[in-house]
Visitor: 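Below are the structure tokens for one structure; questions will follow.
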Amino acid sequence: MKEYNYTSIEKKWQDYWEKNETFKVVENFDKEKFYVLVEFPYPSGQGLHIGHPRPYTAMDILARKRRLEGYNVLYPFGWDAFGLPTENFAIKNKIHPAKVTADNVKNFTRQAKAIGFSFDWSREINTTDPEYYKWTQWIFLQLFKKGLAYKKEMAVNWCTDCKVVLANEEVVDGSCERCHSEVVRRVKSQWMLKITEYAQRLIDDLTEVDYPERVKTSQINWIGRSTGAEVDFTSTAGDILRIFTTRPDTLFGATYMVISPEHPYIDAWKERLSNYSEILEYKTASAKKSDFERTEMVKEKTGVKLDGVCAVNPVNNTEIPIFVSDYVLMSYGTGAIMAVPGHDTRDWEFAKKFNLPIIEVVSGGDIEKEAFTDCDSGIMVNSGFLDGMSVDDAKVKITEYLSKQKLGEPKINYKLRDWVFSRQRYWGEPIPLVHCEKCGWVAIPESQLPLMLPEVETYMPTDTGESPLAALDDFINTTCPECGGAAKRETDTMPQWAGSSWYFLRYCDPYNKTALASKEKLDYWMNVDWYNGGMEHTTLHLLYSRFWHKFLYDIGIVSSKEPYNKRTSHGMILGEDMQKMSKSRGNVINPDEIIRDYGADALRLYEMFVGDFEKVAPWSMTGIKGCKRFLDRVWNLCRLTTVDNGQLTVDSYRKELCSSFHKTIKKVTYDIEHLKFNTAIASLMSLINEIYATGAINNAELRSFLLLLNPFAPHITEEMFEAAGFGILNEQSLPKYDEALCKDDEVEIVVQVCGKVRAKLVVPTGCDKTEVLTRAKEALGAALDSKTIVKEIVVPDKLVNIVVR
RNA sequence: GCCGCUGUGGCGGAAUUGGCAGACGCAGAGGACUUAAAAUCCUCCGGUAGCAAUACUGUAUCGGUUCAAGUCCGAUCAGCGGCACCA
């Protein structure tokens, strides 16, 4: 057995593909297209992670298979290059982030090419390229013009020492990742995008797409639609206090109210509140917590009663106390709730702690022990005109009543919040707006796009929390496009999500100077037929890009409501210790070394063979050796005796291998479509074992085997294909299977007695049921004597089960 | 606390979706080749009992449905990931 020289073979074919532009694709309107997409990477300083090749190889296999099936395949690649790590590296090392990005991209490109992905490199894009972000800015302007971008006061993480706004990621246990100082929540005016306006459509159109159920569920839960009612309580201060509830039926059971610490009434009622200072203290304390900390279930409920103002329940005119507590969030509903401790777990806990009355309004539970929250079985009690009704009926009745009395109205709420689109950072797309004293916020003319990111001395945000751009007078000061007067530019930049929300459109027409892509090309290539990415992007990137696509559909840029027909997700590659790979754990694997020691084909094969594609899988050095061993066996196929019959037709496999070949072709073809790469490879391994067992091979067998393996291991198969005189593999078609030839003439039948295997029997495929049963009984012989047969089950071509007493 | 996912040999994982559990690979043991080693090839490889044929047992735990359960249902335990107490 000889090892093959993977280094020179892989280099040879990578050069060949590059020189011949093998995978460059052009719009061919006569040919059926197939658009395969992988999430473009963030080019970090660490280089390609060993996890990256897993999804890239999987989709490369699909792309190569589709080409062999005759499709016009678009499989593009690019760089999602704006972002914090690059900026932080630039700050630390005083290198321009554009330079850092260019270096990282160069390294990533070298590594990606060494793995032999069949990307169309002529369509490479980079979100930090002004020719690209010109169109990111253009889309933002359209959103702005349609009223979908607005400014809002938002709480941000503020490092008290660095005096900068921090991303959630930079806050570790409530303190700054860099200086470990305290981080507080501070209010800042931010650009927001009204994704909530698309909430219902983002739910509804999920029925049109082929996503894994867990992805759909995550998105639906994230958007979090709930139906209920808004109800107006009056306060003893004379104002109306509006609340949202999903359980209007329990209105008679409301024994107190809770408002969020940020609720504006706290200030409005300042004069009436005898314990105002105590309330203010509570408000300050809760400002230090994140929403997550505030809403943690395990934590003890906290709160302060408002002394001096009460609320009045509109259905029974009862006066009830008002509390302020941080478990109520200003960002959901109206920032105020009615508390029904008898039928809400959180309210129940709060009421127990503060000794508040608990009234049962739905019978069926024991409210002394816990809140009774079941909506299906209870009957209304202690609820005036609702008594005796089911919960569902009561909901309808009370909502009608409230509407009629003008005390409230039905309401649908979504958990989904609008998208915070501003960053007080340098390394992002500048927001192309100016602020004019007279005209307000004004879009810059589209002819002035791209609004270039200017050079700055330091990338550090300013100590007022503004972006580094705020320190550049030349950049800030401009004229108003509307009135011509003096105006100031927006200095915030866009989040990294912006560029990735539409990149799949740019791949269709990456050099277009007059549009983000031409309508003709968009209509040819879109939709993305198959999009693979990580589960971690399910609720942010995937939702954001669907939102932008729907907006572009609304303004006539794209022709479909949804961008992606099919979405799949891969599992992470873990370290050999089953832990997430990280520098601190010391379990990081460098792909360069793997390629050097085993070759790209072995790396590709191993990452596909290691386990279920959708689940996490650990790296294993011995595992990759096994894959390399398999490739050596493939290489040595050509050293077997060739028993050539001179034919290259499908039916020229030798008789003893014919059925195996057809079965393997069927299995590999099926498995690739269903992300079962591991079992596809296993079946190829079984087939090669069978070939070796015969000690020989013929041309048709070698040719089919190489074609089947090619999507997984493109270099070695191209080389062997050429050496065998079959031509260039990439220009061929995938072998086909014949269903009739996949079947064996005979099958083994399991004979069970009471579910236990007692005999085995070989019968012709498709053998008659009674015939099988007779032969099964013969096989069992005396074992059935003196037993009463209760039941006889025959599963054709599989098993016989005889139940006896 | 809530949501989602996952529990199968020494290890990674298969199992046509209810029909012989452990495919394929790794590791291990024995043998062949070799002066020797590596590589390669052949054989064995869940547990218990047995020289063996074989029998019993076995898919996190407990229970259920079924002729038949890794697979379906109910409860429990453990691990991983996500989270915005969503009223």
Side-chain angles (χ1 to χ4, degrees), chain A residues 1-3 213-215 217-218 221-222 224-226 228 243-248 250 254 258 290-299 301 325-329 331-340 343-347 349-350 373 413-417 535-536 538-539 571-572 574 576 578-580 605-606 609-612 614-627 629-630 632-633 636 667 670 676 678-689 692 748-758 760 790-795 797-804:
Chain A
M1 175 74 92
K2 272 201 172 167
E3 281 196 53
E213 222 35 62
R214 57 179 176 154
V215 171
T217 309
S218 296
N221 289 346
W222 186 264
R225 177 191 154 108
S226 58
I243 59 100
F244 173 68
T245 177
T246 54
R247 294 294 303 276
T250 61
V258 185
S290 70
D291 284 355
F292 179 55
E293 288 173 296
R294 282 172 56 166
T295 56
E296 242 175 331
M297 191 56 125
V298 283
K299 137 204 123 162
K301 298 280 174 288
S325 175
D326 60 12
Y327 78 88
V328 172
L329 303 176
S331 53
Y332 183 78
T334 60
I337 62 158
M338 66 171 190
V340 186
H343 306 284
D344 181 284
T345 310
R346 291 147 303 161
D347 296 346
E349 284 173 10
F350 193 89
T373 55
N413 258 336
Y414 297 94
K415 281 199 269 183
L416 183 70
R417 297 174 190 168
M535 275 306 282
E536 69 275 19
T538 302
T539 48
M572 248 189 301
L574 303 175
E576 295 203 79
M578 269 291 200
Q579 302 280 305
K580 215 167 164 173
L605 206 64
Y606 173 68
F609 184 61
V610 66
D612 186 333
E614 300 186 87
K615 292 183 197 149
V616 295
W619 181 263
S620 155
M621 276 307 177
T622 53
I624 193 165
K625 273 184 198 153
C627 289
R629 201 172 293 163
F630 167 70
D632 284 332
R633 276 164 77 78
N636 284 289
K667 175 127 187 89
Y670 177 91
K676 293 162 90 73
N678 50 341
T679 49
I681 294 166
S683 70
L684 287 165
M685 288 172 167
S686 297
L687 182 59
I688 207 170
N689 290 345
Y692 269 97
E748 193 183 55
I749 302 269
V750 176
V751 182
Q752 298 179 332
V753 176
C754 290
K756 300 213 176 217
V757 183
R758 285 291 176 262
K760 287 179 183 180
V790 181
K791 203 167 183 179
E792 292 165 340
I793 293 122
V794 181
V795 182
D797 293 343
K798 284 229 166 67
L799 101 176
V800 173
N801 189 11
I802 297 170
V803 187
V804 297

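Order of the sequence lines fixes the chain letters, A, B, ..., with proteins taken first and strands second; residue numbering starts at 1 for each chain.
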Visitor: Could you check which of rA87(B), rG25(B), rG19(B) has an atom nearest any side-chain atom of Met685(A)?
Guide: rG25(B)
Visitor: For rU54(B), give its Watson-Crick or G-U wobble partner with both distances under 3.5 Å, or none.
Guide: rA49(B)
Visitor: Counting only side-chain N and O atoms of Tyr332(A), is one of them less than 4.0 Å from OP1 or OP2 of rA87(B)?
Guide: yes
Visitor: Asn221(A) side chain N/O closer than 4.0 Å to the phosphate oxygens (OP1, OP2) of rA84(B)?
Guide: no
Visitor: For Trp222(A) and Lys415(A), what are the C-alpha separation, side-chain angles and deciding distance, and is it a side chain to side chain contact (heavy atoms under 4.5 Å, CB included)?
Guide: CA-CA 7 Å; Trp222(A) 186 264; Lys415(A) 281 199 269 183; over 6 Å; no
Visitor: Scan Asn413(A) against the nucleic acid and name what it touches under 4.0 Å (heavy atoms): base, sugar-phosphate only, or nothing.
Guide: nothing
Visitor: Please state whether the base of rC67(B) and the side chain of Glu792(A) form at least one donor-acceptor pair under 3.5 Å?
Guide: no
Visitor: On a plain distance test, is the side chain of Lys760(A) in donor-acceptor contact with the base of rC20(B) below 3.5 Å?
Guide: yes
Visitor: Report which part of the nucleic acid Lys676(A) touches: base, sugar-phosphate, or nothing (heavy-atom distance under 4.0 Å, all strands).
Guide: sugar-phosphate
Visitor: A side-chain contact here means heavy atoms from C-beta on lying under 4.5 Å apart; do Lys791(A) and Ile802(A) qualify?
Guide: no
Visitor: Hey, does Arg225(A) reach any base, or is it just sugar-phosphate, or nothing, if we go heavy atoms under 4.0 Å?
Guide: nothing
Visitor: Using a heavy-atom cut-off of 4.0 Å across all strands, would you classify Val258(A) as base, sugar-phosphate, or nothing?
Guide: nothing
Visitor: Regarding Val750(A), tell me which of base, sugar-phosphate or nothing describes its non-hydrogen contacts under 4.0 Å with the strands shown.
Guide: base
Visitor: Is there a side-chain polar atom (N or O) of Thr538(A) under 4.0 Å from OP1 or OP2 of rG82(B)?
Guide: no
Visitor: Please work out if Leu416(A) contacts a base, only the sugar-phosphate, or nothing of the nucleic acid, heavy-atom cut-off 4.0 Å.
Guide: base
Visitor: Kindly assign one of parallel, tilted or perpendicular to the pair Phe350(A) and Tyr327(A), based on the angle between their ring planes and the thresholds 30° and 60°.
Guide: tilted
Visitor: Applying a 4.0 Å non-hydrogen cut-off, can you work out what Val803(A) is touching in the nucleic acid: base, sugar-phosphate, or nothing?
Guide: sugar-phosphate
Visitor: Checking all strands, does Ser620(A) fall into the base, sugar-phosphate, or nothing category for heavy-atom contacts under 4.0 angstrom?
Guide: nothing
Visitor: Write down the partner of rG74(B) under the Watson-Crick or G-U wobble criteria, each distance required to be under 3.5 Å.
Guide: rC62(B)
Visitor: With a 4.5 Å limit on heavy-atom distance, are the side chains of Glu576(A) and Met621(A) in contact?
Guide: yes
Visitor: Need to verify one output field. Residue with the more 5' nearest nucleotide on RNA chain B, Lys756(A) or Asn801(A)?
Guide: Lys756(A)
Visitor: Given rC3(B), is OP1 or OP2 found less than 4.0 Å from the side-chain N or O atoms of Arg214(A)?
Guide: no
Visitor: Check whether any side-chain N or O of Asn678(A) sits under 4.0 Å from OP1 or OP2 of rA14(B), and answer yes or no.
Guide: yes
Visitor: Tell me whether the OP1 or OP2 atom of rC86(B) has a side-chain N or O from Arg417(A) closer than 4.0 Å.
Guide: no
Visitor: Is there a side-chain contact between Arg629(A) and the phosphate of rC24(B), meaning an N or O under 4.0 Å from OP1 or OP2?
Guide: no
Visitor: Give one of base, sugar-phosphate or nothing for Gln752(A), where a contact means two heavy atoms less than 4.0 Å apart.
Guide: base
Visitor: Is Lys667(A) touching bases, backbone alone, or none of the nucleic acid, heavy atoms closer than 4.0 Å?
Guide: nothing
Visitor: Using a cut-off of 4.0 Å on non-hydrogen atoms, how would the nucleic acid contact of Gly224(A) be classed: base, sugar-phosphate, or nothing?
Guide: nothing
Visitor: Does any nucleotide pair with rC41(B) by Watson-Crick or G-U wobble geometry, both distances under 3.5 Å, and what is it?
Guide: rG31(B)
Visitor: Across all strands shown, which nucleotide pairs with rG22(B) by Watson-Crick or G-U wobble geometry, both distances under 3.5 Å?
Guide: none
Visitor: In whole angstrom, give me the gap between the P atoms of rG70(B) and rU16(B).
Guide: 13 Å
Visitor: Look at the side-chain N and O atoms of Lys798(A) and state whether any lies under 4.0 Å from the OP1 or OP2 oxygen of rG19(B).
Guide: no
Visitor: Nearest to the side chain of Phe609(A), which nucleotide is it out of rA87(B), rA27(B), rC24(B)?
Guide: rC24(B)
Visitor: Students often get this wrong, so: under 4.0 angstrom with heavy atoms, is Ser218(A) touching a base, only sugar-phosphate, or nothing?
Guide: nothing
Visitor: For Phe244(A) and Arg758(A), take the nucleotide of RNA chain B holding the closest heavy atom to each; which residue's nucleotide lies nearer the 5' end?
Guide: Arg758(A)
Visitor: Quick one: label Asp612(A) by what it contacts on the DNA or RNA (base, sugar-phosphate, nothing), any heavy atom closer than 4.0 Å.
Guide: sugar-phosphate
Visitor: Are Val610(A) and Ser620(A) side-chain neighbours, meaning at least one heavy-atom pair lies under 4.5 Å?
Guide: no
Visitor: Between rC24(B), rA84(B), rC20(B), which nucleotide gets closest to the side-chain atoms of Ala682(A)?
Guide: rC24(B)
Visitor: Across all strands, who's sitting opposite rA15(B) as a Watson-Crick or G-U wobble pair, both distances under 3.5 Å?
Guide: none
Visitor: Considering only the P atoms, how many Å lie between rG74(B) and rC3(B), rounded to the nearest integer?
Guide: 14 Å
